[in-house]
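For reference, the structure discussed in these notes is given below.
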Amino acid sequence: MAPTKLTGKHAEISAFIDRFDVFLFDCDGVLWHGNTLLHKTVETLDMLRSKGKQIVFVTNNSTKSRRAYKKKLDGLGIPAEVDEIFCSAYSSAVYIKRVVKLPADKKVYVIGESGIEEELRNEGVQYFGGTDPEERIQMQEEDYTNFVPDPEVGVVLCGLDHYVSYRKYAKAFQYLQNPETLFLATNVDSTFPNKGKLFPGAGSISAPLTYMTKRVPLSLGKPSQAMMDAIEGKFQFNRKRTCMVGDRLNTDIKFGVEGGLGGTLAVLTGVSTEEEILSSDAIAVPDAYLDQLSDLLG
Ligand SMILES: O=C(O)[C@H](O)[C@H](O)COP(=O)(O)O
Ligand SMILES: [Mg+2]
């Protein structure tokens, strides 16, 4: 069924809102671009909270931990508890600890930023790489000798990394020669929306490793239903009374549709365009869409 464009008429908007008790909110491209809040984001979330709606933040952006996202949300005037935040760094750390059950003598090689490191520490999982200054140097001659597969490396975990380098790829490539070493990604979004433009996403950071190793990472972010099950486990919500709000069809909307949620709502302030949403081969079709989140204020 073609998605409905909600045009801001009050009756239509409140009828849509009244269908749900819980709203799962994507962040990049919906609430903000980088550190810039989008139009009337705070007022819109306040309105939903004033109607007694539960709000959960569900982001694929692995550069921050849940604690760091709470700090960002607080700083932007959006009240939130750490428990109301699910980020791909957290779902990855939980997967490695509680599903993979990585032995204590094994470690994770991280291509990514502090969000991943903090959530791995919270789960008591050993890691290296990541933001270590040692990682932010050019390839050295001796590296060609020293970089070898390492049986202690149980996982190569890749997320959005603004400091990715040939040297990091060279190291990860050696580790992934060992078929016992798992190849995981926090998320595989090809692009990242910021300042009204698109930039390379986490998926574009892990893609070169797939090209060189022919191995495809298991992604722990949206649309992975492992994340949905974790959120449902926490909030015991009724999926039929829950709506996923996002800017990207192949992560956010697919996440909600495959999760059997009562509704999905797309906004046009991020990655997916109206044309993509309306196209007959859209990878996932939202129930409704808006030009921007604040149109929910009607
Ligand atoms: O490249 C990325 O990691 C994504 O573009 C970014 O993280 C998306 O975050 P979200 O829209 O899920 O908040
Ligand atoms: Mg987004």
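Residue indices begin at 1 and follow the sequence shown. Whatever order the structure lists them in is the order used to number ligands and atoms, beginning at 1. In this text, all values refer to a predicted model and were calculated from it rather than measured experimentally.
A cation-pi contact, defined as under 6.0 Å to the ring centre and within 45° of the axis, is absent between Arg215 and Phe183. Geometrically, Lys195 does not engage Phe199 in a cation-pi contact, judged by NZ or CZ lying under 6.0 Å from the ring centre and within 45° of the ring axis. Note that Arg241 lies outside the cation-pi zone of Phe20, set by a 6.0 Å cut-off to the ring centre and a 45° limit from the axis.
The protein heavy atom nearest to atom 10 (P) of ligand 1 is Asp26 OD1, 2.8 Å.
Contact atoms of ligand 1 toward Asn187: 2 (C), 3 (O), 4 (C) (distance under 4.0 Å to a heavy atom of the residue). For ligand 1, the atoms closer than 4.0 angstrom to any heavy atom of Gly201 are 1 (O). Taking every heavy atom of Cys27 and a limit of under 4.0 angstrom, the matching atoms of ligand 1 come to 13 (O). For ligand 1, the atoms sitting less than 4.0 Å from at least one non-hydrogen atom of Thr191 are 1 (O), 4 (C), 5 (O), numbered in the order shown with element in parentheses. Taking every non-hydrogen atom of Ala202 and a distance limit under 4.0 Å, the qualifying atoms of ligand 1 come out as 1 (O), 2 (C), 3 (O). Within ligand 1, counting atoms from 1 as listed, the ones closer than 4.0 Å to a heavy atom of Thr59 are 9 (O), 10 (P), 12 (O), 13 (O). For ligand 1, the atoms sitting less than 4.0 Å from at least one non-hydrogen atom of Asn61 are 7 (O), 9 (O), numbered in the order shown with element in parentheses.
Heavy-atom distances between Arg248 and ligand 1 stay at or above 4.0 Å for every pair.
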With salt bridge (Lys or Arg N to Asp or Glu O under 4.0 Å) as the criterion, how do Glu141 and Arg167 come out once you've worked through the C-alpha distance, each side chain's angles and the decisive distance to 0.1 Å? CA-CA 11 Å; Glu141 193 49 37; Arg167 191 166 186 275; over 6 Å; no

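Leu268 and Leu297 fall into different hydrophobic clusters, where Ile, Leu, Val, Met, Phe, Trp and Tyr residues are linked whenever their side-chain heavy atoms come under 4.5 Å apart, directly or through other members.
Cluster note: Leu184 groups with Tyr95, Ile96, Val99, Val100, Leu102, Val108, Val110, Ile116, Leu120, Val125, Tyr127, Val155, Leu157, Leu182, Leu218, Leu220 through ILVMFWY side-chain heavy atoms spaced under 4.5 Å, whether in direct contact or through intervening members.
Under 4.0 Å is where a charged nitrogen must lie from a carboxylate oxygen, and between Arg239 and Glu232 at least one such pair does.
Side-chain atoms of Thr251 and Asn60 form no donor-acceptor pair, as typed in the model, at a separation below 3.5 Å. Between Ser279 and Asp281, the side chains place a donor N or O and an acceptor N or O closer than 3.5 Å (distance only, hydrogens not considered). Between the side chains of Ser65 and Glu118, at least one donor N or O lies within less than 3.5 Å of an accepting N or O.
Distances shorter than 2.8 Å separate the Mg ion (ligand 2) from the protein N/O/S atoms Asp26 OD2, Asp28 O, Asp247 OD1.
By the 3.5 Å distance cut-off applied to N or O atoms, Asp28 is counted among the residues near ligand 1.
What you find for Cys27 and Phe57 is that their closest heavy atoms are SG-CB, 4.1 Å.
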